[in-house]
Amino acid sequence: MRYPSSVFRHKAHLSFVISGLTLAILLGLSGCSDKAAEQQTPAELAAQAKLAAEQQAERQAYRQKEAAIAMHEQASSAKLRTMSAESRAYIAQPTASISAAPAFNGDWPGAVPPERNRFEKPVPNGIMIAGEIPVSTFAIDVDTGSYTTLRRMLKEGRLPQKDTLRVEEMLNYFSYDYPQPGKNDAPFSVTTELAPSPYNDDMMLLRIGLKGYEQSKAELGTSNLVFLLDVSGSMASPDKLPLLQTALKMLTQQLDAQDKVSIVVYAGAAGVVLDGAAGNDTQTLNYALEQLSAGGSTNGAQGIQLAYQLAQKHFVEGGINRVILATDGDFNVGTTNLDELIDLVSSQKQQGIGLTTLGFGMGDYNDHLMEQLADKGNGQYAYIDSINEARKVLVEQLSATLLTIAKEVKVQVEFNPALVAEYRLIGYENRALAREDFNNDKVDAGEIGAGHTVTALYELRYVDAGNLANDKLRYGYNPKTGHEKYSRDEIAFLKLRYQLPDATQSQLLSYPIRADLRVKSLAQASDDFRFAAAVAGLGQLLNQSHYLHQFDYNKLSALTRSALGEDTCGYRHEFMQLVDTAAMLAQTQRAPIKKSFDAGDKPFPPEDKLHQQ
């Protein structure tokens, strides 16, 4: 077979394992033959019989696996022979660099991979005093990975660790009915809404929403895509490589003849599978994806370098040039230093090549790495936990995933101390910027894709609300003197900076946020406002935030059900189910065993008195 696959190495490795196992059995039997049968106890004889049965089952399982590999190999060879010469030209020749032996990673019967998922714990944003620090600055974020990893955990019956959820990625998983920007306006519209906070009495919740202009697939232009695919041993489970293969088949169905697709795979080393195939050559693309198999350690850094070389080779001026990294986030060979990887991604971004990251699976998942690489690569980080999520990201939202319409987007809010005493930004902890970074075009920020929506929430308390988290200052200006310089009509002033995709200088947008924007009750706010508040509420509850004083799962459930709106795709109803699941799991974890079961001096399990003699 001409395709560079780990199938042959896996087969050879299996043969070696079987031979070694057979030798071990023979040696073991020969060692036991000197011991007379009458000297063995019944327990020893039973143990030997059980061991022999297990070894026979293992041998049979590996024979079946060898036969399956052989059948797969024959089918692949036959399929390759039926392909046209033009299609076969795109298939790269075998490369000696892909030579790592497959790792077991759970393939061995009974093996259970250890739980080594890596989720960062950013320090939650605190309550700021508007009179001391009136300005809040952050970069926008369109990633959604934190929500889908949470969804998987809840469906598996477990809660995330405290402070590991990025609330902004939960908010931005959902679309909201923000207005479309005008044709001659900025590439995104800006919306603000103000209503009482559901989390705390006497506080308000400010919502800021951005909406990028829509772009159909036909209007995207030419795409130069390089799929950088992890085929290491850790990708062998059904929720990883098989799901990845199906997801990318769905993506390639959206491409046209002028689009170019390359595929780089990496395990212990990296190699080229496809080199600039036509986007509409479905036969070649599907064949290449179907031949992938998992085995080896993970040299992701070498793969990234090779992928960028192909992206440069097929670079399209004025088009979309993007590397799509699909992995379980396990980089354990080669350049594993995060700073070095980020430097590489950042330098390629400056040359017009973006990076999108797609995460798969759990067990050794590196959420932090995936999020950071996408942030520095002018791309989006999404976690694919199902076929439905693959369709959402790679079909429904393909334009947003591939096309950046505005880059280095920053948000700065100046609160009016005459009206606002305190405020707290919910989420965006690792997107915080210094105040002076807002006007510095060299400071990296976030990107918006076509059709993307971005949402941010601030919880704030008015000066006259009472119950302040901080004591009033003894010194400073007195708003009752009438000599203040602050407007009594505005609670804040919103500014945004952004760069067009090919620009190096930013443009400024500014909007006053008026106090009369508020509605009197939360029930009067829009469905989108209340639903966004519910999503952020779940994230804060699971992060065990100590800033929620009048909010619990019962109130969260009621708030969610009041804000489902027109849920065409069912994403909001699915969230409602996740809220109920999270509430039950949280309740079970709050019930200590010692309190729920007090056996005292009684035996456990209790004795059955009916069978006592």
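Note that the structure is predicted; figures quoted are calculated from it, not measured.
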Novice: Would you check, one step at a time, whether the test side chain to side chain contact (heavy atoms under 4.5 Å, CB included) holds for F119 with K121?
Specialist: CA-CA 7 Å; F119 292 88; K121 293 185 177 182; over 6 Å; no

Novice: Under the criterion side chain to side chain contact (heavy atoms under 4.5 Å, CB included), I'd like the reasoning laid out for M203 against E459: C-alpha separation, chi angles, the key distance, then a yes or no.
Specialist: CA-CA 7 Å; M203 295 194 76; E459 190 177 37; 3.6 Å; yes

Novice: Any idea which heavy atoms bring D527 and G565 closest together, and the distance?
Specialist: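 Closest approach of D527 to G565, heavy atoms only: OD2-CA, 3.7 Å.
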
Novice: Examine distances only and state if a side-chain atom of Q254 and a backbone atom of M250 form a donor-acceptor pair shorter than 3.5 Å.
Specialist: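 Present.
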
Novice: I need the Q372 CD to K376 NZ distance, nearest 0.5 Å.
Specialist: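 Here the rounded value is 6.5 Å.
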
Novice: Of all residues at least two apart in sequence or in a different chain, which pass the side chain to side chain donor-acceptor pair (under 3.5 Å) check with D375?
Specialist: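 For D375, the residues satisfying side chain to side chain donor-acceptor pair (under 3.5 Å) (neighbours in sequence not counted) are R431.
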
Novice: Among L205, L171, N125, whose side-chain contact (heavy atoms from CB on, under 4.5 Å) with I426 holds?
Specialist: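 Exactly one pass, corresponding to L205.
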
Novice: Between T191 and P179, which heavy-atom pair has the shortest distance, and what is it?
Specialist: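 In this case the closest contact between T191 and P179 is OG1-CD, 3.2 Å.
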
Novice: Scan side-chain atoms only and decide if S175 and Y571 contain a donor-acceptor pair under the 3.5 Å cut-off.
Specialist: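 Absent: no donor and acceptor within the cut-off.
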
Novice: Roughly how far, to the nearest 0.5 Å, is CG of D239 from OG of S386?
Specialist: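 Here the rounded value is 11.0 Å.
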
Novice: For Q499 and S506, does a side-chain donor sit closer than 3.5 Å to a side-chain acceptor?
Specialist: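 On atom types as modelled, these side chains do not qualify, holding no pair under 3.5 Å.
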
Novice: Does the N117 side chain pair with the main chain of G363, one donor and one acceptor, at a distance under 3.5 Å?
Specialist: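 Answer holds: yes.
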
Novice: Could you check whether the rings of F415 and Y423 sit parallel, tilted or perpendicular, using 30° and 60° as the cut-offs?
Specialist: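 F415 vs Y423 ring planes: parallel.
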
Novice: Once you round to the nearest 0.5 Å, how far does CG of N172 lie from OG of S146?
Specialist: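 So the gap between those two atoms works out to 11.0 Å.
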
Novice: Listed by chain and number, what are the salt bridge (charged side-chain N to carboxylate O under 4.0 Å, His left out) partners of D385, not counting sequence neighbours?
Specialist: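 Result, salt bridge (charged side-chain N to carboxylate O under 4.0 Å, His left out) vs D385: R151.
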
Novice: Flag the pair F529 / L522 as yes when at least one side-chain heavy-atom distance between them is below 4.5 Å, and no otherwise.
Specialist: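 In short, these two side chains touch, coming nearer than 4.5 Å.
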
Novice: Does E193 reach the main-chain N or O of S526 with its side chain, forming a donor-acceptor pair under 3.5 Å?
Specialist: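 Between the backbone of S526 and the side chain of E193 there is a qualifying donor-acceptor contact (under 3.5 Å).
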
Novice: With no hydrogens and no angle check, do the side chains of S232 and D230 hold a donor and an acceptor under 3.5 Å apart?
Specialist: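 Yes.
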
Novice: Heavy-atom count check: over 12 atoms from other residues, nucleotides or ligands less than 6.0 Å from Q161 CD?
Specialist: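 Open: at most 12 neighbouring heavy atoms sit under 6.0 Å from CD of Q161.
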
Novice: Please report the interatomic distance CD1(I324) to CG(L228), rounded to the nearest 0.5 Å.
Specialist: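 Spacing of CD1 (I324) from CG (L228) equals 10.5 Å.
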
Novice: Going through the checks in order, is the side chain to side chain contact (heavy atoms under 4.5 Å, CB included) test met by I304 and Q348?
Specialist: CA-CA 11 Å; I304 288 179; Q348 292 296 323; over 6 Å; no

Novice: A side-chain contact here means heavy atoms from C-beta on lying under 4.5 Å apart; do L559 and P198 qualify?
Specialist: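 The answer is yes; the side chains approach within 4.5 Å.
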
Novice: What verdict does the side-chain hydrogen bond (donor to acceptor under 3.5 Å, both in side chains) test give for S136 and Y458, after you've listed the backbone C-alpha separation in whole Å, the side-chain angles of each residue and the deciding distance to 0.1 Å?
Specialist: CA-CA 10 Å; S136 171; Y458 282 94; 2.6 Å; yes

Novice: Taking the side chain as every heavy atom from C-beta outward, state whether N430 and E168 have any pair of such atoms under 4.5 Å apart.
Specialist: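 In contact.
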
Novice: Measure the spacing between CG of L159 and CE of M153 and express it to the nearest 0.5 Å.
Specialist: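 Separation between the atoms: 10.0 Å.
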
Novice: Any donor-acceptor pair under 3.5 Å linking the side chain of R435 with the backbone of T137?
Specialist: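 No; judged by distance alone, with no hydrogens or angles, the pair does not exist.
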
Novice: Show your reasoning for whether side chain to side chain contact (heavy atoms under 4.5 Å, CB included) applies to D364 and R118.
Specialist: CA-CA 7 Å; D364 198 11; R118 289 177 287 283; 3.2 Å; yes

Novice: According to ring pair (Phe, Tyr, Trp, His ring centres under 6.0 Å), who are the partners of Y383, at least two apart in sequence or on a separate chain?
Specialist: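 For Y383 the ring pair (Phe, Tyr, Trp, His ring centres under 6.0 Å) partners, ignoring immediate neighbours, are Y365.
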
Novice: For the backbone of F493 and the side chain of E414, can you confirm whether one donor and one acceptor N or O come within less than 3.5 Å of each other?
Specialist: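 Between the backbone of F493 and the side chain of E414 there is no qualifying donor-acceptor contact (under 3.5 Å).
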
Novice: Is there a side-chain contact between V409 and V454, using heavy atoms and a 4.5 Å cut-off?
Specialist: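 No. Closest side-chain heavy atoms not under 4.5 Å.
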
Novice: In chain order, what residues pass the side chain to side chain contact (heavy atoms under 4.5 Å, CB included) check against V443, with sequence neighbours excluded?
Specialist: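 Checked V443 against side chain to side chain contact (heavy atoms under 4.5 Å, CB included); matches are K410, L433, D437, N440.
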
Novice: Give, for atom CG of L494 and atom CD1 of I513, the distance between the pair rounded to the nearest 0.5 Å.
Specialist: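 It is 5.0 Å, given to the nearest 0.5 Å.
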
Novice: Enumerate the residue pairs fulfilling salt bridge (charged side-chain N to carboxylate O under 4.0 Å, His left out) with a member in residues 394-404, sequence neighbours excluded, ordered by first and then second residue.
Specialist: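 Only R391-E396 qualify under salt bridge (charged side-chain N to carboxylate O under 4.0 Å, His left out).
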
Novice: Would you call E169 and D141 a side-chain contact if the rule is heavy atoms closer than 4.5 Å?
Specialist: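 Yes; the side chains approach each other to less than 4.5 Å.
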
Novice: Who pairs with D343 by side chain to side chain contact (heavy atoms under 4.5 Å, CB included), at least two apart in sequence or on another chain?
Specialist: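 If we apply the side chain to side chain contact (heavy atoms under 4.5 Å, CB included) test to D343, skipping adjacent residues, there are no hits.
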
Novice: For a quick test of reading the model, state the closest non-hydrogen atom pair linking R207 to A532 and the distance between them.
Specialist: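 The pair with the smallest heavy-atom distance is CD-CB, 4.4 Å.
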
Novice: Would you call R166 and D367 a salt bridge, taking side-chain N to carboxylate O under 4.0 Å as the test?
Specialist: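 So R166 pairs with D367 through a salt bridge.
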
Novice: Mind jotting down which residue pairs meet the ring pair (Phe, Tyr, Trp, His ring centres under 6.0 Å) criterion with at least one end in residues 534-562? Sequence neighbours excluded, please.
Specialist: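 Every ring pair (Phe, Tyr, Trp, His ring centres under 6.0 Å) pair that includes a residue of residues 534-562, provided the two are not neighbours, is Y199-F551.
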
Novice: Could you list all the salt bridge (charged side-chain N to carboxylate O under 4.0 Å, His left out) pairs where at least one residue sits in residues 544-568, not counting sequence neighbours?
Specialist: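 For residues 544-568: R561-D580.
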
Novice: Identify, with sequence neighbours excluded, every residue that meets side chain to side chain contact (heavy atoms under 4.5 Å, CB included) alongside T144.
Specialist: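 Residues passing side chain to side chain contact (heavy atoms under 4.5 Å, CB included) with T144: Y173, Q380, A382.
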
Novice: Is there side-chain contact between R322 and L402, with at least one heavy-atom pair below 4.5 Å?
Specialist: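 Yes, their side chains come closer than 4.5 Å.
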
Novice: Do L355 and K349 have side chains that get closer than 4.5 Å, going by heavy atoms?
Specialist: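 Sidechains of K349 and L355: no contact.
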
Novice: Could you list the residues that satisfy side chain to side chain donor-acceptor pair (under 3.5 Å) with E436, not counting sequence neighbours?
Specialist: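 By the side chain to side chain donor-acceptor pair (under 3.5 Å) rule, E436 matches no residue at all.
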
Novice: Is a side-chain N or O of T148 found less than 3.5 angstrom from the main chain of G145, in a donor-acceptor match?
Specialist: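 Side chain of T148 to backbone of G145: a pair is present.
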
Novice: Only counting residues at least two apart or in another chain, list the ones meeting ring pair (Phe, Tyr, Trp, His ring centres under 6.0 Å) with F188.
Specialist: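 Partners of F188 under the ring pair (Phe, Tyr, Trp, His ring centres under 6.0 Å) test: Y498.
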
Novice: Does any non-hydrogen side-chain atom of L394 lie less than 4.5 Å from one of L358?
Specialist: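 In short, these two side chains touch, coming nearer than 4.5 Å.
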
Novice: Specify whether F531 and Y176 have parallel, tilted or perpendicular ring planes, treating 30° as the upper limit for parallel and 60° as the lower limit for perpendicular.
Specialist: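 Ring orientation, 0 to 90° scale: tilted.
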
Novice: Output all residues satisfying side chain to side chain contact (heavy atoms under 4.5 Å, CB included) with P196, sequence neighbours left out; order by chain, then residue number.
Specialist: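 For P196, the residues satisfying side chain to side chain contact (heavy atoms under 4.5 Å, CB included) (neighbours in sequence not counted) are M204, V519.
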
Novice: Take S234 and D328, measure what side-chain hydrogen bond (donor to acceptor under 3.5 Å, both in side chains) needs, and give me the verdict at the end.
Specialist: CA-CA 8 Å; S234 62; D328 60 359; 2.6 Å; yes

Novice: Among T453, L496, V142, L509, find the residue that satisfies the side-chain contact (heavy atoms from CB on, under 4.5 Å) test when tested with L210.
Specialist: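 Among T453, L496, V142, L509, the one that satisfies the side-chain contact (heavy atoms from CB on, under 4.5 Å) with L210 is L496.
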
Novice: If I compare all heavy atoms of P242 with all of S237, which pair ends up nearest, and what's the gap?
Specialist: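 Closest approach of P242 to S237, heavy atoms only: CD-O, 3.3 Å.
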
